[in-house]
Amino acid sequence: MIYFIGNKELVENEFYEFSTIDKCIDYFKDKESIEVDTETTGFDPHTCKIICIQLGDKENQFVIDVNAVSILLLKELLESKLILFQNAKFDLRFLYSNDIYPTKIYDTFLAECVLTTGLEDRELGLKALAWKYCGVLLDKEIRGQIYREGLSTRVIQYAANDVAYLHLIREKQLVEIEKLELNAVLDLENEVVKVFAKMEFHGILLDPDKWMDVAKTTESNVINLQLELDEIVLNEPKLSKYVPKYKQTDLFGFEKRDLDINWSSNAQKLKIVKDLGINIDSVDERNLSKNKRKHIIMSKLLDYSKQAKLVTSFGKKFLSFINPKTQRIHFSIWQILSTGRISVSEPNLNQIPSKGELGKKIRSCFIPKEGYSIVGGDFSGMELRLIAEFSQDKLWLDAFNAGQDLHSVLCAKTFDISITDVKQETPFKAGVTYRDVQKTINFGLAYGMSKFKLADTIDISVDQADKIIKKFFAVVPQVNSFLNLLGNTGKKNGQIRTARPFRRLRQFGNWQSAMENQGSSDSFKALGEIERASKNSPIQGSNGDIIKLALINVQNRIDANNYPVTIILAVYDEIQTECRDDFAEEWKLILNDIMIESAKVIIKSIPVEVDCKISKSWTK
DNA sequence: TCCACGGGCGCG
DNA sequence: AAAGCGCGCCCGTGGA
């Protein structure tokens, strides 16, 4: 039965009955769980509002007009029961804006994500889930019109439908979850979604003036580089065909640029480079830098791409992400990628420049609110530590246990040099040290890099690369066999998992067809990709699991003690928080402690290190 | 004018 | 045969 709680002036009809908020609360008082959904005037909880909130189960659904009834009357209920959501993060943000903080959550959307990670053509929407698990066809056509239409009869019916099937979906999902042994990772996701909702809701503060300064610098850099590139073309006989015979003037008689080359066009750049007799097949950084000495234009093109990237991705436009109401940036988080990591978009705060002077400057534009500091913790060498833990390779473990620099230790062994010489330049590439090469090897070979790619990356012959690879794996034989085990497991089963206790599952959606077409070149390619992804996924994914656990533990500590701290960002293996100044020193120690303890759930054989900092801006 | 796609590159 | 993994965003391109 559908009950509507709100304005009595609406015409009563056969589709629903009127009820009261007391009756609704009374109905759920003794239930273990409630299905909850909200309809809102838009996507942003800071500038939009909840229109109605629905509470329901299989038998009864209550659609509550929050303009007529205070949503706060539901606070106690929503904060004490297990709440079933479809895509909890969306509703949580709106509930947070109404000062309601659910504690126990089951998200049918996240469960479906966990069940289908890596599968192609999966469907995660409520309509698909209701069909898949309940055989019910939901009508979602009205969805986009609710704001305009208001709480009409059909809107009330539609809204009620969204809280009528989640129990059944959950029941059926849990059977699958149990079968695939995904309980632990599902619990993790259902917990951490609260933290992600809070992060999105709270947002991050950017200093717009400082950002503008940087943007102006990069913009003028690009303009100058463009002129310099034009100049090179004008003075290069081989490129004379790009120079028009007559100078053009615009409507006002001013001279326009002599050239009409778009330096952002890869196709045009490639054509020009080829006209210079330099034979490359693309104008990416590798190819340009490899042929830097062949023509002066090469290094200019390199500079141009770098600066242009800064202008387009991290220029003025970026300021439009600042929310007019809160003056903060409310990014959005995709909670479960194929390995278990998260991604951040609109804007992608995972890709804010960090390297070099400019990177530092750009990151320093992210600041805490008045009276607060940014306190951040950064796991050091997480993936390398995970490789040590999983492979139990003696050398790898010893290096970490002795507190040595792993790259240097491995480097000395791979190249048969003294550990004091690892920062010497290699004979095969100018300006590159042995340790640099070793880093490429450690991160590359661990995930299936071939001798061809290694040769290409560090500019040596394929034979030389082959020898280095063989030597490397002879030095760390257990790493070799562990990675091979992963690769073979993935190829054999079409799926791979992260470490205990989470054992997150990644399935390879194209595995079945690759197996059926064995022998074909498509299949060979696909299985190669599966093999390499299988080597990487447990490492990258376990790292993701650890960060999520740490976020949960950090948030729980904050809540339990009512600390003046908010988590603002999680980037790969770092957690950034905004902490009241007077508490920063103490918090730094607590954060450090929680992060280490969280990682220990998976890393048991070697120490875990976290680098914690207090700052008035986001620092690396 | 819109959309999908691929190259390229920012981060780990 | 093809030969590091994981992302999101920008632009130009080409077809509708």
Side-chain angles (χ1 to χ4, degrees), chain A residues 117-118 261-270 281-288 301-302 304-315 317-318 321 331-334 336-356 358-359 362-363 378-384 387 439-458 462 465-466 469 483 486-487 490 496 506 517-544 547 569-574 620:
Chain A
T117 303
I261 298 170
N262 184 347
W263 294 108
S264 298
S265 161
N266 296 322
Q268 293 183 38
K269 279 191 277 195
L270 186 59
D281 51 15
S282 81
V283 287
D284 60 12
E285 193 184 347
R286 274 222 48 68
N287 278 295
L288 291 177
L301 286 174
L302 272 170
Y304 180 87
S305 325
K306 276 256 187 298
Q307 293 294 320
K309 176 78 177 177
L310 290 175
V311 170
T312 56
S313 290
F314 311 105
K317 230 174 115 182
F318 198 89
F321 285 114
F331 46 84
S332 97
I333 292 169
W334 182 262
I336 307 174
L337 295 169
S338 62
T339 62
R341 263 191 188 169
I342 64 162
S343 73
V344 179
S345 60
E346 295 175 285
N348 180 356
L349 295 183
N350 282 351
Q351 58 166 177
I352 303 298
S354 69
K355 294 161 187 168
L358 210 53
I362 291 177
R363 288 224 172 179
D378 194 3
F379 283 117
S380 116
M382 263 307 254
E383 294 209 353
L384 297 173
I387 291 173
K439 272 178 84 170
T440 304
I441 293 175
N442 288 348
F443 287 114
L445 295 192
Y447 308 129
M449 188 193 248
S450 69
K451 58 185 174 183
F452 302 101
K453 173 79 174 179
L454 181 64
D456 189 53
T457 306
I458 58 180
V462 174
D466 192 41
I469 293 174
L483 290 169
L486 288 184
I496 199 82
R506 173 181 182 177
N517 298 305
Q518 276 199 69
S520 73
S521 90
D522 281 354
S523 161
F524 203 90
K525 188 181 169 207
L527 287 173
E529 283 164 2
I530 289 171
E531 181 179 3
R532 293 190 300 280
S534 300
K535 291 179 176 182
N536 173 261
S537 222
I539 318 276
Q540 189 184 116
S542 297
N543 194 353
I547 273 286
L569 203 54
V571 182
Y572 303 114
D573 41 23
E574 84 190 54
K620 252 224 106 192

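Protein chains get the first letters and strands the later ones, always in sequence-line order, with residue 1 at the start of each.
- Centre separation under 5.5 Å together with a plane angle under 30° does not hold for the ring of A:Tyr447 and the six-membered base ring of C:dG4, so they are not marked as stacked.
- A:Glu346 comes within contact range of the sugar-phosphate backbone alone, with a heavy-atom separation under 4.0 Å but no base atom that close.
- Of the nucleotides present, C:dG6 is the one that pairs with B:dC11 by Watson-Crick or G-U wobble criteria, both distances under 3.5 Å.
- As judged by a 4.0 angstrom heavy-atom cut-off over every strand, A:Val571 is placed among residues making no nucleic acid contact.
- In this structure a side-chain-to-backbone donor-acceptor pair under 3.5 Å is present from A:Asp284 to A:Asn287.
- When rounded to the nearest whole Å, the span between CG of A:Asp281 and C1' of B:dG8 equals 14 Å.
- Checking the phosphate oxygens (OP1, OP2) of C:dT13, a side-chain nitrogen or oxygen of A:Gln268 falls inside 4.0 Å.
- If you check every strand for non-hydrogen atoms under 4.0 Å, A:Lys269 touches nothing.
- Here C:dT13 is the nucleotide among C:dT13, B:dG10, C:dA2 with the atom lying nearest to any side-chain atom of A:Ala267.
- Separating the CD1 atom of A:Ile261 from the P atom of C:dC11 is a distance of 20 Å, rounded to the nearest angstrom.
- Phosphate contact (OP1/OP2 of C:dG4, side-chain N/O of A:Ser450, threshold under 4.0 Å): present.
- For C:dG6, the OP1/OP2 oxygens have a side-chain nitrogen or oxygen of A:Arg506 closer than 4.0 Å.
- The phosphate of C:dG12 (OP1 or OP2) has a side-chain N or O of A:Asn262 nearer than 4.0 angstrom.
- Of the possible donor and acceptor atoms, one in the side chain of A:Gln268 sits under 3.5 Å from a partner among the backbone N and O of A:Asn262.
- Here A:Gly487 lies out of heavy-atom contact (under 4.0 Å) with every strand.
- In this structure, of C:dG8, B:dG12, C:dC10, it is B:dG12 that holds the atom nearest to the side chain of A:Asp573.
- Closest contact between the side chain of A:Lys355 and the listed nucleotides B:dG12, C:dT13, C:dG8 involves B:dG12.
- Listed nucleotides C:dC11, B:dG7, C:dA1 differ in distance to A:Asn266; the shortest reach to its side chain belongs to B:dG7.
- Rounded to an integer number of Å, the gap from A:Leu445 CG to C:dG4 P is 10 Å.
- Counting any heavy atom pair closer than 4.0 Å across all strands shown, A:Leu310 reaches no nucleic acid atom.
- Under the 4.5 Å side-chain criterion, counting only non-hydrogen atoms from C-beta, A:Ser450 is in contact with A:Lys453.
- The one candidate from A:Ile387, A:Leu384, A:Asn536 that meets the side chain to side chain contact (heavy atoms under 4.5 Å, CB included) condition with A:Phe443 is A:Leu384.
- Out of B:dC11, B:dG8, C:dC5, the shortest distance to the side chain of A:Asp284 is found at B:dG8.
- In this structure, A:Ser537 does not reach the C:dC5 phosphate: none of its side-chain N or O atoms is under 4.0 Å from OP1 or OP2.
- When the side-chain nitrogen and oxygen atoms of A:Thr339 are compared with OP1 and OP2 of C:dC7, none of them lie within a distance under 4.0 Å.
- Within 4.0 Å (heavy atoms only), A:Thr440 reaches no atom of the nucleic acid at all.
- The side chain of A:Ala533 lies closest to C:dG6, out of C:dG6, C:dC7, C:dG4.
- The distance between atom CD1 of A:Ile342 and atom P of C:dG8, rounded to the nearest whole Å, is 11 Å.
- A:Glu285 and A:Lys306 are joined by a salt bridge, as a carboxylate oxygen and a charged side-chain nitrogen come within less than 4.0 angstrom of each other.
- Of the candidate nucleotides C:dG6, C:dG12, C:dA1, C:dG12 has the atom lying nearest to any side-chain atom of A:Ser264.
- Checking C:dG4, C:dT13, B:dG10 against every side-chain atom of A:Asn348, the shortest atom distance belongs to B:dG10.
- Between the side chain of A:Arg341 and the base of C:dG6, at least one donor-acceptor pair of N or O atoms lies under 3.5 Å.
- Note on ring orientation: taking the six-membered ring where Trp is involved, the planes of A:Phe314 and A:Phe318 are tilted (angle from 30° to 60°).
- Between C:dG4 and A:Lys451, no contact under 4.0 Å exists linking OP1 or OP2 to a side-chain N or O.
- The phosphate of C:dG8 (OP1 or OP2) has no side-chain N or O of A:Ser345 nearer than 4.0 angstrom.
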Going through the distances and angles, do A:Tyr572 and A:Ile547 end up as a side chain to side chain contact (heavy atoms under 4.5 Å, CB included)?
-> CA-CA 8 Å; A:Tyr572 303 114; A:Ile547 273 286; over 6 Å; no
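- At a threshold of 4.0 angstrom between heavy atoms, the contacts of A:Arg363 are confined to the sugar-phosphate backbone, with no base atom among them.
- Across C:dA3, C:dC11, C:dC5, the shortest atom-to-atom separation from the side chain of A:Phe452 is found for C:dA3.
- Looking at the side chain of A:Ser265, the nearest of the listed nucleotides C:dT13, C:dC7, B:dC11 is C:dT13.
- Where A:Tyr572 and A:Ser520 meet DNA chain C, the nucleotide closest to each residue was compared, and A:Ser520 sits on the side nearer the 5' end.
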